Every structure is written in structure tokens, then in C-alpha cells.
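One structure is given below, encoded as C-alpha cells.
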Amino acid sequence: MTTFFRKLAKSAPVAFNNVFNETPKSTYGKKFRVPIGGIAAVSGGLSYYFYFSSPTVAHLDEIQEESGPKIALNPDKWIKFELQDTARVSHNSQLFRFSFDPSTKLGLDVASCLLTRAPVGQDDKGKTKYVIRPYTPISDPDSKGYFDLLVKIYPEGKMSQHLANLRPGDVIEVKGPIEKLRYTPNMKKHIGMIAGGSGITPMLQVIEAILKNPDDKTQISLLYANISPDDILLKQKLDILSASNPNLKIYYTVENPTNNWKGGKGYLTQNMVEKGMPSPSEDTLILVCGPPGMMNHISGDKAKDYSQGKVSGILKELGYTEEMVYKF
């Protein structure tokens, strides 16, 4: 195991808990029973489904660019990436590092996710069936030669079990990126973020893109909801970023606080949103990502065709318009 993975597994067992749930285990308030780390948090409407075998599978060394650097990802072909290393960061969460040629670019934009697939048997015609699962890498999109996925392992999770059984040198098929929000520096003066569970992952992409650019003066306010303090994904990293960047403010709330918990208590309320988010304005953008119950409560879910749809819920009540809200 690399030094990076040893440090990560040792120092952040709590920070990486409750990520990418594949089995409903919790509730979000009394009105909506949903898994906080549900797939909607990272897919923005992509669901757990199966694809049949496809001829468009390629190895990275087959991907060529006519000009400029080669791109590791391909939105039209499944590319095989080799597992470099793994680290267990909690009793049911693992970090997976996949490698590629460091002379190429991954090709992941902010903010976007990628698709993974794994074989799950054959249909009655003998064709391979696959489970497809979207993940948002937690590594910097500009990282050379690798990307990291953080996955919560469940006994009945088809994709997470597949990943858990991989060993260094094994490969996984990946397609992408799937672009969500095309972020540009200083596109808004103040960006508010409301996340539930693993919905933090696209937020982190945007946060890090802003903070690593000295010319980006965007103010960031994050309201992050979870079941318990131990379920707060990436808390250690978020706290470090907040402490070292005055333009990042974070407020945590949990449904089941411990005796020494000093953050918010209970599921997200209108009062929390009103106090924690920037006021409605042309210079304001609110990003929302979480399980369906939270999305409906805060902003309304996307339309059936996966377009943004109308704003409803708490954000509508507070005066935010469609132009001021983006749903991952």
C-alpha cells in the first residue's frame, strides 16, 4: 500500500464513512424515507440499471487524439483502467485508486462524474449483462496518472462487491465524463451548496476548483446534512479547507447527534437554509445534491427528462428562481 493510502486509511476513518450507499439503511426526517448516500446524490437522475454487452470497449493505449494531449476518458467507449491500490478507511468503506498513463489527461471537467460497469452474468441469449454505476472521483481532475473513487461496500451491492473483490492489477471499465455543471471562475459572486450524504462529491469538485485558483474570488457556503457525525463524508478534508480558506463556510447538521456534537441537529429546515445560504440574487447560485427526499424537500427533483425542472420546496419559498438553482 502506498504512503498516501496508509496515511489516508489511518487518519480519516470517519471522514470517508457513509459514501455511495447501494442499500437503503437510513431515513431523512419523518416525511421522506430515503438513503442519505443514495445513488441520486451522485447521478443526478442516473439510476441503478443494466446494459448488455457492447462492442465499444477499448484499452487506454488505443485512444489517440489528433492534436494536443491524449485523453484517458472517452464518452463513447468503455475504457479499461487498472486498479493501482486500495485502502480500507472504515469498516465498510474503501478507497480505490485507478491508474492511467501520466502523460495523458483524465478528461474530467468540473463538475462531472463517470460511469463504471461490471459483468453480472448473462441473459437468456447468452449475452453479458452489466451493472452500471456512476461515481464522482474525489481526486483532483488535474491529477497525473490516477483517479480515486471512494465506495461504501454493501453485502448486496453488485457494483461495490465487484470493486471490493478487485485486486491490484485488475481492471474496471469506465465511460465518461458525464458533465453536470460547467463551472467557470467567478461565474457568481456567491455559491451556496446544500448536500446530503454522498451528494458532497460534486460539491467538493467545485470547492477545490475555486480554492486552488487564486484569481477566483467566489464565496462558498456549504450546508451539509447527514444521519450522524460518523456519517459525515470527507469531514476532515472539508474542515481543513474551511480553516485555511476564509471564503469557504461550512455548516453541518445531523439527525442523530452524539452528546458532544456541536453542529446542527435534525434534518434540513427552512431556517437553516435561510441562515446558511446567500440571499436570492443574480449573483447567487445554489447547488443541490442529495437523495430524492432531500431534493424534493429543498429544491424539487429534476424533471422526468432529467432537465433541471422547476424549483419548489424550501428554495422556492425563500424566493430562489430556476436561474439561481442547479440540481445535480
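Predicted, not measured: the structure shown is a model, and the values here were computed from it.
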Enter the distance from [X]:[atom1] to [Y]:[atom2] here, rounded to the nearest 0.5 Å.
X      : Y      : atom1 : atom2 : result
His190 : Ser221 : NE2   : OG    : 3.0 Å
Asn256 : Trp261 : CG    : CH2   : 12.0 Å
Ile153 : Gln161 : CD1   : CD    : 6.5 Å
Asn245 : Ile207 : CG    : CD1   : 10.0 Å
Met193 : Leu204 : CE    : CG    : 9.0 Å
Ile172 : Arg117 : CD1   : CZ    : 11.0 Å

Side-chain contact, heavy-atom cut-off 4.5 Å: [X] with [Y]?
X      : Y      : value
Leu115 : Trp78  : yes
Ile298 : Leu315 : yes
Ile138 : Lys237 : no
Leu73  : Phe81  : yes
Thr201 : Leu233 : yes
Ile71  : Lys105 : yes
Lys189 : Gln219 : no
Gln94  : Leu163 : no

Single-linkage hydrophobic cluster [X]~[Y], side-chain heavy atoms < 4.5 angstrom:
X      : Y      : value
Met187 : Leu222 : yes
Leu234 : Ile232 : yes
Tyr146 : Phe98  : no
Tyr135 : Val120 : yes

Looking at residues at least two apart in the chain, or sitting in another chain, which of them share a salt bridge (Lys or Arg N to Asp or Glu O under 4.0 Å) with [X]?
X      : answer
Glu82  : none
Asp170 : none
Glu317 : none

Backbone N or O of [Y] within a donor-acceptor pair of the [X] side chain at under 3.5 Å?
X      : Y      : result
Thr116 : Arg133 : yes
Lys265 : Pro257 : no
Asn186 : Asp215 : yes
Lys180 : Ala111 : no
Thr253 : Gly266 : yes
Glu179 : Ser112 : no

>> Among Leu114, Leu108, Asp140, exactly one meets side-chain contact (heavy atoms from CB on, under 4.5 Å) together with Phe147. Which residue is that?
In response: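 Going through Leu114, Leu108, Asp140 one by one, the side-chain contact (heavy atoms from CB on, under 4.5 Å) with Phe147 is satisfied by Leu114 alone.
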Side-chain donor/acceptor pairs under 3.5 Å, residues 278-287, sequence neighbours excluded:
| residue | atom | partner | partner atom | Å |
| --- | --- | --- | --- | --- |
| Ser281 | OG | Asp283 | N | 3.1 |
| Thr284 | OG1 | Ser279 | O | 3.0 |

> Are Leu211 and Asn247 close enough, and set up right, to give a side-chain contact (heavy atoms from CB on, under 4.5 Å), and what steps lead you there?
Replying inline: CA-CA 8 Å; Leu211 297 184; Asn247 58 326; 3.5 Å; yes
>> Looking only at the side chains, is there a donor atom on one of Thr218 and Asp216 sitting less than 3.5 Å from an acceptor on the other?
In response: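 Thr218 vs Asp216: donor-acceptor pair found between side chains.
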>> Could you tell me if Ser228 and Asp231 have a donor-acceptor pair between their side chains, going purely by distance under 3.5 Å?
In response: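 Short answer, yes.
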>> Just to verify, what does His162 make a side chain to side chain donor-acceptor pair (under 3.5 Å) with, not counting sequence neighbours?
In response: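 Side chain to side chain donor-acceptor pair (under 3.5 Å) check on His162 returns nothing, list empty.
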>> The criterion is side chain to side chain donor-acceptor pair (under 3.5 Å); which residues satisfy it with Asp124, sequence neighbours excluded?
In response: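 Side chain to side chain donor-acceptor pair (under 3.5 Å) check on Asp124 returns nothing, list empty.
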> Stepwise, does the side-chain contact (heavy atoms from CB on, under 4.5 Å) test hold for Leu238 with Ile200?
Replying inline: CA-CA 10 Å; Leu238 289 168; Ile200 191 62; 4.1 Å; yes
> Step by step, would you call Thr269 with Asn271 a side chain to side chain donor-acceptor pair (under 3.5 Å)?
Replying inline: CA-CA 5 Å; Thr269 66; Asn271 185 53; 5.1 Å; no
>> Would you call the rings of Tyr326 and Phe328 parallel, tilted or perpendicular, taking 30° and 60° as the class edges?
In response: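 Taking Phe328 first and then Tyr326, their aromatic rings stand perpendicular (interplane angle over 60°).
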>> Once you measure the plane-to-plane angle for Tyr224 and Tyr252, does it fall in the parallel (<30°), tilted (30-60°) or perpendicular (>60°) bin?
In response: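 Correct class here is tilted.
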Might you point out which heavy atoms bring [X] and [Y] nearest each other, and give the distance in Å?
X      : Y      : value
Asn74  : Lys175 : O-CG, 3.5 Å
Met277 : Ile194 : SD-CG1, 3.7 Å
Lys310 : Glu322 : CA-OE2, 3.2 Å
Gly264 : Tyr251 : CA-OH, 3.1 Å
Ala209 : Val110 : CB-CG1, 4.0 Å
Leu248 : Ser242 : O-OG, 3.2 Å

>> Does Asp239 form a side-chain contact (heavy atoms from CB on, under 4.5 Å) with Gln236? I'd like the steps, not just the answer.
In response: CA-CA 5 Å; Asp239 288 345; Gln236 195 171 67; 6.0 Å; no
> Taking atom NZ of Lys188 as the centre, does the number of heavy atoms from other residues, nucleotides or ligands within less than 6.0 Å exceed 12?
Replying inline: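 Enclosed: over 12 neighbouring heavy atoms sit under 6.0 Å from NZ of Lys188.
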> Do other residues, nucleotides or ligands put more than 12 heavy atoms under 6.0 Å from the NZ atom of Lys275?
Replying inline: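 Counting other residues, nucleotides and ligands, NZ of Lys275 stays at 12 neighbours or fewer.
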